[in-house]
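The structure under discussion appears below in the form of C-alpha cells.
Keep in mind that the numbers below use all heavy atoms, side chains included, and drop hydrogens, waters and symmetry copies.
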Amino acid sequence: MAEPISKTVHTKTIVASIDIGTAYTGYAYSFKTNPYDITVRKWTTDGIVSPKAPSSVLLTPELSFDSFGYEAEKKFSDLFVEKDHKDWHFVQGFKMALNEKQKFDINFLNITDIQNHFVPARAVFTGVIGYLKNDLMEQLTSKGHEHEVDNIQFVVTVPAIWSDAAKQAMVDSSVWVGIKKENLTIAYEPEVAAVHCLTIPANQVTVRTKENIAMMFQPGCCFLVLDLGGGKADITVQKVERDGKLSQLYAASGGSWGGSCVNNSFFQDLKKNLGDRVYQEFMKKNVGDYFHLRNQFEKAKRNFKNDQEMVSLHLPSSLEKITAEICGKNIGEILKDLDTCKSLAYSDGKLKYTAEYFKTFFFQTIQSTVDQIRKVLKSRKCNEVKYILMIGGFSESDIVRTRIKETFPGVQVIMPEDAALSVLKGGVLFGHAPDTVRFRVCPQTYGISMHDYFNPNVHDFSKSCKVGNVQFVVGCFEKIFEKDEVIEVGQKRKIRVAEDFTEQPENARTQNKEIEMYSSVEKDPKFVSDPGCMLQSTIVVSPPGGRWPDVVKGKITFEVTVTGLKVSFKDRNTKCSSGGEIKFTEPSSSDSTSPLNRSFRKDVS
C-alpha cells in the first residue's frame with residue numbers, strides 16, 4: 001500500500017534502478033530507445049571489478065555524508081590506522097534497520113555504527129541515495145550523455161515484505177536528495193526480478209534454463225519467487241495471465257534469513273572459540289583486518305560446494321597476536337582443546353574447517369527459508385506452483401540451491417545465470433513498462449476511521465461521544481480492502497462521506513481534512529480500537545476549490561496503482577475535486593483528542 005509515485009514513467013528518456021541491499025548496493029540504467037541494453041555501474045577495488053559495492057557508509061563527526069562502498073571502507077581503515085577514527089561513523093548493513101519494522105518514523109530512527117554509536121537513519125539513507133544519484137549523473141556525463149535529473153525515471157526496489165512505513169522511508173529519502181515524486185517509482189524486488197527473467201537474452205542463459213523460463217512464463221503457469229539477499233528471504237507467488245502479465249497469488253512473506261545471517265554465525269563461532277575478549281579487542285584495534293576477514297568469508301561462502309571436503313581461511317596476523325597476548329596460547333593450541341578439534345584446526349596462518357562444520361553456519365538460515373516455503377506451498381492458492389525461481393546474491397550458494405531442490409523434488413527449481421543482478425536489471429525494465437503486474441494480494445485489511453450518528457440498537461455506547469445535543473459513534477472502521485483479497489491494478493473503491501460546516505469557524509473551512517487510515521490482521525474489524533488494528537497513515541484531503549461548502553456530500557476514491565494507492569476526493573454537489581496525499585506515520589493508539597476532526601461522517605444517503 002505504498003504511496004503512489006508516477007503516472008508518466010514511459011515519457012522519460014532514461015530509467016535508472018537503485019538496489020540497496022543489506023550486503024551490497026548498486027544501480028543500473030537504460031535508455032527509452034533501447035530498454036533492454038542495460039548498463040550496470042561497475043565498482044573497482046584492488047583491481048577487482050564488481051557490479052555492486054559493499055553497503056558501507058562513512059559519516060563525518062558532524063553526521064554529514066562522506067563516502068560510500070569500497071571508498072568508505074578504505075577511508076575508515078586509514079583513519080583507524082592513524083587513530084583518527086573515533087569521532088567518525090562507519091555503518092554497514094543499514095537496510096536491516098527497516099526490515100519488518102512496524103513502529104518507526106525515519107526522522108527519529110537511529111542506526112548503530114561499527115563503534116556502537118547511534119547515527120540518524122535519515123542521514124545514512126539520504127546519503128547513499130544522494131550519492132548514487134550524483135554518481136549516475138557523472139557516469140552519464142563521462143559517456144557523453146548530457147541529461148537533466150528530471151529526464152530520468154528512478155526506480156527504487158524494496159522487499160515486498162516491508163511495512164508501508166519502510167517503503168515510505170525510501171520515498172522520503174529519495175525526495176530529500178532532489179528526486180521528484182513524479183520521477184520516482186517504488187518497486188517490489190521479487191516482482192521486478194521475475195520481469196527480468198522473462199526478458200533475459202538467449203546468449204546469457206543455458207539452453208535448459210531458457211526452456212524452463214519459457215515454460216514458467218506460459219499463461220496459466222504458477223511459480224514461486226524466492227529472493228535471497230544479504231538480509232532477508234522475500235517470497236511471493238505469481239501466476240501468468242493470458243496477456244502475459246503477472247498476478248500475485250499469495251501475500252508476500254519471508255523474514256530476516258539472508259546471507260548476512262551466515263556471516264554472523266561465522267563470527268559468533270569465532271568469538272565463542274577464541275573468547276569474547278579476544279574478539280572485541282580485535283574489532284576495536286584492527287578494523288581493516290576485520291574487513292579483509294569478512295570479505296574472505298564472503299568469498300568462501302559463495303564458492304562453497306556440497307562435495308567440498310575442506311574450507312580454509314587466512315586469519316590476519318593481528319588476530320594471532322591479540323590471541324597470544326590475552327590467552328597466553330596461539331590459536332592452534334586453543335582449538336586443539338575444543339570438542340570440535342577434529343573438525344576445526346589452525347596451521348600456517350589458516351583456519352581450516354571440515355565441510356560438515358562449515359555447513360553449520362548455513363543451517364538456521366536455510367531451515368527458516370525452507371519452513372516458510374513449505375508453509376506457502378501448503379496453501380490452497382498455491383497448490384498449482386510448478387517452479388521456484390531463485391534470485392538474489394545468496395541464491396547463488398550451492399548449498400542453498402541443493403537444499404531447496406532436495407526438499408521440494410516435485411517443483412522445478414530455476415536460477416538465472418545473473419541471479420544476483422535480477423532485481424537491479426528488473427527494476428530498469430519495470431520502470432520502462434510498469435504495467436507488467438496486474439493483480440496483488442492484500443496483506444492486511446485496510447480501512448479509514450469514520451464517525452456516524454449513534455444508534456443504540458446498533459452501536460456500542462462506550463464508542464460514542466456527545467457534541468452539543470448530538471450523540472456520535474466514533475472510530476468506526478470503514479473497510480476499503482480486505483486481507484487476502486486479490487486486487488487488480490486500476491481497481492477503485494469509493495466511500496461516501498458527509499460533513500456539516502455550517503456551525504464551524506471560517507478557518508476550519510479552508511483547512512485540510514486529515515483522515516486516519518488503519519490496518520488490521522482481522523478480515524472484518526468494526527472499530528479502529530479493536531485488537532490488531534494499527535494506525536498506518538494519514539490521508540490529507542484538501543478542500544475542493546480551496547474551501548469546504550456548508551454541507552459536504554462527497555466521495556473518497558481509492559485507486560490501486562502499480563506502485564501503491566492513489567486517493568482523491570470529489571464533492572457531489574459542487575463537482576469540485578481534490579487530490580489526497582498519504583502520509584505514513586508511526587502507528588499509535590486511537591485515543592487522542594478530537595476524533596470528529598480526524599474523520600468524515602459516514603454518508604448512507
Side-chain angles (χ1 to χ4, degrees), residues 157-162 187-200 205 208-229 231-241 244-259 365-397 399-420 422-423 426 430 436-443 484 486-487:
T157 59
V158 300
I161 58 174
W162 264 11
Y188 298 156
E189 291 169 358
E191 289 182 349
V192 301
V195 171
H196 168 247
C197 292
L198 178 62
T199 58
I200 297 176
V205 296
R208 182 177 179 182
T209 300
K210 181 181 179 182
E211 291 174 350
N212 286 336
I213 290 177
M215 291 297 295
M216 188 177 70
F217 281 97
Q218 289 296 310
C221 190
C222 303
F223 60 94
L224 182 147
V225 182
L226 176 60
D227 181 4
L228 295 177
K232 49 75 192 153
D234 205 356
I235 299 170
T236 62
V237 179
Q238 306 286 346
K239 181 179 180 179
V240 183
E241 298 295 329
K245 294 183 179 181
L246 301 179
S247 297
Q248 188 180 357
L249 290 182
Y250 190 90
S253 62
S256 302
W257 317 312
T365 301
I366 296 177
Q367 188 60 51
S368 297
T369 303
V370 166
D371 289 344
Q372 185 61 31
I373 295 173
R374 186 178 286 118
K375 177 182 176 181
V376 171
L377 293 181
K378 282 183 178 179
S379 168
R380 179 180 56 84
K381 296 180 180 179
C382 304
N383 57 13
E384 295 184 6
V385 169
K386 297 180 180 179
Y387 300 92
I388 294 178
L389 176 64
M390 295 183 64
I391 50 96
F394 189 40
S395 69
E396 294 182 341
S397 167
I399 185 173
V400 175
R401 293 199 306 270
T402 300
R403 177 68 186 281
I404 298 297
K405 290 178 180 178
E406 291 175 349
T407 306
F408 305 102
V411 182
Q412 180 73 44
V413 177
I414 301 174
M415 195 187 83
E417 271 67 8
D418 56 352
S422 290
V423 170
F430 183 82
T436 310
V437 178
R438 185 174 177 185
F439 292 97
R440 286 202 181 101
V441 176
C442 195
D484 295 329
V486 178
I487 305 172

Q.
With a 4.5 Å cut-off on side-chain heavy atoms, are Val240 and Gln218 touching?
A. no

Q) In Å and rounded to the nearest 0.5 Å, what is the CD1 to CD1 distance from Ile404 to Ile388? A) 6.0 Å

Q) What heavy-atom pair brings Lys375 and Tyr250 nearest, and what distance separates the two atoms? A) CE-OH, 4.5 Å

Q: Would you name the heavy atoms of Ser422 and Cys197 that are closest together and state the gap between them?
A: OG-SG, 4.3 Å

Q.
I want to check something: taking the side chain as every heavy atom from C-beta on, are Leu224 and Thr236 in contact at a cut-off of under 4.5 Å?
A. no

Q) What pairs meet the salt bridge (charged side-chain N to carboxylate O under 4.0 Å, His left out) rule with one or both residues in residues 380-397, with sequence neighbours excluded? A) Arg302-Glu396

Q: State whether the side chain of Asp227 and the backbone N or O of Asp234 hold a donor-acceptor pair below 3.5 Å, judged by distance alone.
A: no

Q: Please tell me if the side chains of Trp162 and Tyr188 come closer than 4.5 Å, counting only heavy atoms from C-beta onward.
A: no

Q | Polar side-chain atom of Ser395 near backbone of Gly392 as donor-acceptor pair, under 3.5 Å | A | yes

Q) For the side chain of Thr369 and the backbone of Thr365, is there at least one donor-acceptor N/O pair under 3.5 Å apart? A) yes

Q.
Does anything in residues 187-199 form a salt bridge (charged side-chain N to carboxylate O under 4.0 Å, His left out)? List the pairs, not counting sequence neighbours.
A. Lys95-Glu189, Glu189-Lys232, Glu191-Arg440

Q: Provide the closest heavy-atom pair for Ala187 versus Val192 in the form atom of the first, atom of the second, distance.
A: CB-CG1, 3.6 Å

Q: Please list, chain by chain and in numerical order, all residues satisfying side chain to side chain donor-acceptor pair (under 3.5 Å) with Gln248, sequence neighbours excluded.
A: none

Q) Who passes side chain to side chain donor-acceptor pair (under 3.5 Å) against Thr402, sequence neighbours left out? A) Asn306

Q. Does Leu249 have any side-chain contact (heavy atoms from CB on, under 4.5 Å) partners at least two apart in sequence or in another chain, and if so, which?
A. Cys222, Val237, Lys239

**Q.** Min side-chain heavy-atom separation Pro416-Ile391 under 4.5 Å
**A.** yes

Q) Closest approach of Tyr387 and Ile414, non-hydrogen atoms and distance? A) CD2-CD1, 3.5 Å

**Q.** Non-neighbouring partners of Phe408 that pass ring-ring contact (aromatic ring centres under 6.0 Å, His included), sequence neighbours left out
**A.** none

**Q.** Gln238 and Val225, any side-chain heavy atoms less than 4.5 Å apart
**A.** yes

Q.
Could you tell me if the side chain of Val400 sits less than 4.5 Å from the side chain of Met390, heavy atoms only?
A. yes

**Q.** By side chain to side chain donor-acceptor pair (under 3.5 Å) - contacts of Arg403 (at least two apart)
**A.** Gln367, Thr407

Q: Apply salt bridge (charged side-chain N to carboxylate O under 4.0 Å, His left out) to Asp484 and list each qualifying residue two or more places apart in sequence or on a separate chain.
A: none

Q.
Working to the nearest 0.5 angstrom, can you tell me the gap between Phe394 CZ and Leu226 CG?
A. 10.0 Å

Q | Closest non-hydrogen atom pair between Ala233 and Trp257, with its separation | A | CB-CE3, 3.7 Å

Q) Mind checking what makes side chain to side chain donor-acceptor pair (under 3.5 Å) contact with Gln372, not counting sequence neighbours? A) Ser253

Q. Taking all non-hydrogen atoms of both residues, which atom of Ser247 and which atom of Phe439 are closest, and how far apart?
A. OG-CD1, 2.6 Å

